[in-house]
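Below, all heavy atoms of this structure are taken into account, side chains as well, without hydrogens, waters or symmetry copies. Here is the naming used below: chain letters follow the sequence lines, and residue numbers restart at 1 for every chain.
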Amino acid sequence: MHKIAEVEVQHDIMVANRKLARKNQRLFDKNHVFSVDVVGAIGSGKTSLIEALIDAMNYKIGVIAGDVISKYDAGRFENHDVPVVGLNTGKECHLDAHLVEHALHDLPLDEIDILFIENVGNLICPVDFDLGSHMRMVVISVTEGDDTVEKHPLIFQDADLVVINKVDLADAVGADSDKMVNDVKEINPDVQVIKTSLKTGTGFDEVTLAIDGFINDY
Amino acid sequence: MHELSMAQAIVDTVLDAAKKNNAEEIVEVTIEIGMLTMLNPEQLTFLLDVLAEGTLLENAKIIIEDVPVEINCRNCQYTGLANTDDSDHYLAIVLCPQCGGRDVETLTGKECAVKKIKIEKSDEDA
Ligand SMILES: Nc1nc2c(ncn2[C@@H]2O[C@H](COP(=O)(O)OP(=O)(O)OP(=O)(O)O)[C@@H](O)[C@H]2O)c(=O)[nH]1
Ligand SMILES: [Mg+2]
């Protein structure tokens, strides 16, 4: 004889990730590490910005470089003499809290003040996955087109700081960077939006000040 | 595109629950997907079908329930269902339906959960 039974499962896969993210955050807090999630479009300047921050900021910095193939960006960070762990996501389009947890085992957390976690260049998938960081910085550039923000609203909704990079190229690509700033403000009224060019240095000091502000509030 | 890893996690969760309950076959699976997740239900169903092959899940009916977005507005204290700008849920921007503000906390809409399963098992283990 067979019978049909109903079983309540109530297992949320997103919740499992969020639980791990909170575990990561407890580990950061225990080691007094301020952790910054860096997400953004492909090629928008995430690695360039973190490299400049490593050189400019008076903190001991560590980096997790997440990418489909991570060795390229990881190698760039290593040239700045900071502890780096590369995370290969393979076919995956985002980092998750579990991958980050693994990377944390390979970092000297007690020697790090700020940990930058560079996510895979993607404005869609990282939205779903909290990593446990204290702040999330979104880096886009004018070369993606000035409708990028409108097309990918959700990533801006939870952002703590938004950088619109490569403003030196705005005229060349016919992009209106002020429109991009306004679009972000529509979605996330209180977030600070900074226009930068890592080529000319425009706006870069403001980014360091903004991150300093978050660290001081922490 | 992280539907594949999500689908795999769903299949693992379902098979685990089925095993714990001595299922001989899984008849039905109910999955909840929040309207704010970046998951495409059609892609997810397709991948679940592929991954289910050769498992207890093979012949199960898969039901996907959309979970609407509920918010708490920090501006006017409204709590309840959100307006979404667009019927296409990828582009749904959350807005307070009462004051139009965007400074809202999302309470629901980010789920990707196996809610329940219906299984067939032999009477003896009841
Ligand atoms: N003109 C100009 N080029 C820039 C600027 N910032 C970065 N670049 C260039 O843009 C290219 C991509 O920069 P990366 O820092 O590698 O960008 P990324 O976001 O880390 O790229 P992925 O990790 O591959 O997604 C490099 O050739 C940089 O030199 C800028 O402000 N202006
Ligand atoms: Mg990079």
Side-chain angles (χ1 to χ4, degrees), chain A residues 1-21 39 66 68 89-99 119-120 122-130 147-160 182-191, chain B residues 1-10 12-14 16-18 20-34 36-39 67 74-75 85-86 89-95 101-104 106 109-126:
Chain A
M1 274 293 282
H2 281 74
K3 63 165 192 163
I4 303 276
E6 203 167 88
V7 180
E8 293 289 322
V9 184
Q10 303 290 3
H11 178 86
D12 193 317
I13 286 133
M14 301 294 191
V15 169
N17 183 74
R18 281 198 285 275
K19 270 191 194 148
L20 270 181
V39 298
V68 175
T89 56
K91 294 194 187 71
E92 281 293 327
C93 44
H94 61 272
L95 290 176
D96 62 31
H98 181 69
L99 281 169
N119 217 312
V120 182
N122 184 320
L123 290 173
I124 302 168
C125 304
V127 174
D128 285 343
F129 297 89
D130 187 1
D147 52 3
T148 307
V149 179
E150 287 174 282
K151 286 183 187 161
H152 303 279
L154 289 181
I155 195 128
F156 297 97
Q157 199 180 26
D158 292 329
D160 298 301
N182 290 336
D183 287 348
V184 175
K185 291 284 185 185
E186 275 272 305
I187 297 160
N188 187 345
D190 297 326
V191 76
Chain B
M1 223 295 266
H2 52 269
E3 278 77 5
L4 182 57
S5 53
M6 281 291 147
Q8 188 64 61
I10 289 171
D12 291 346
T13 303
V14 169
D16 189 50
K20 277 190 188 132
N21 289 282
N22 302 319
E24 287 177 359
E25 193 169 342
I26 303 166
V27 182
E28 196 177 280
V29 178
T30 310
I31 296 164
E32 290 180 317
I33 303 288
L36 270 184
T37 67
M38 291 299 189
L39 294 168
V67 182
R74 293 198 185 92
N75 185 40
D85 257 353
D86 199 315
H89 86 241
Y90 304 122
L91 294 181
I93 300 178
V94 176
L95 276 182
R102 287 176 190 256
D103 190 9
V104 296
T106 46
K110 295 187 173 179
E111 308 58 17
C112 170
V114 178
K115 189 176 169 191
K116 58 184 182 193
I117 59 176
K118 224 182 249 177
I119 56 175
E120 198 174 291
K121 57 192 204 174
S122 65
D123 243 356
E124 288 94 82
D125 354 283

Heavy-atom distance under 4.5 Å to chain B: side chain of A:Asp96, backbone, both or neither?
neither

Between A:Val127 and B:Met38, the two heavy atoms sitting closest are CG2-CE, 4.1 Å

Just how far is it from atom CD1 of B:Ile117 to atom NE2 of A:His11, taken to the nearest 0.5 Å?
12.5 Å

The interface call for A:Asp190 against chain B, heavy-atom contacts under 4.5 Å, is side chain

Counting C-beta onward and ignoring hydrogens, is there a side-chain heavy-atom pair between A:Leu154 and B:Leu36 closer than 4.5 Å?
yes

Gap separating the CD atom of A:Glu8 from the NZ atom of B:Lys115, nearest 0.5 angstrom
7.5 Å

I need the A:Gln157 CD to B:Thr106 OG1 distance, nearest 0.5 Å.
6.5 Å

Between CD on residue A:Gln10 and CD on residue B:Glu32, distance to nearest 0.5 Å:
6.5 Å

Which pair of non-hydrogen atoms, one from B:Lys110 and one from A:Met14, has the smallest distance, and what is that distance?
O-CG, 3.3 Å

Test B:Glu120 against A:Lys3 for side-chain contact (heavy atoms from CB on, under 4.5 Å), laying out the working first.
CA-CA 6 Å; B:Glu120 198 174 291; A:Lys3 63 165 192 163; over 6 Å; no

Non-hydrogen atoms of chain A under 4.5 Å away: do they reach the side chain of B:Ala9, the backbone, both or neither?
both

Quick one: what part of B:Val27 sits under 4.5 Å from any heavy atom of chain A, side chain, backbone, both or neither?
side chain

Provide the closest heavy-atom pair for B:His2 versus A:Asp128 in the form atom of the first, atom of the second, distance.
NE2-OD2, 3.0 Å

Output, in order, the C-alpha distance, side-chain angles, deciding distance and verdict of side-chain contact (heavy atoms from CB on, under 4.5 Å) for A:Ile13 and B:Ile10.
CA-CA 7 Å; A:Ile13 286 133; B:Ile10 289 171; 3.4 Å; yes

I'd like to know whether NZ of A:Lys185 has more than 12 heavy-atom contacts from other residues, nucleotides or ligands below 6.0 angstrom.
yes

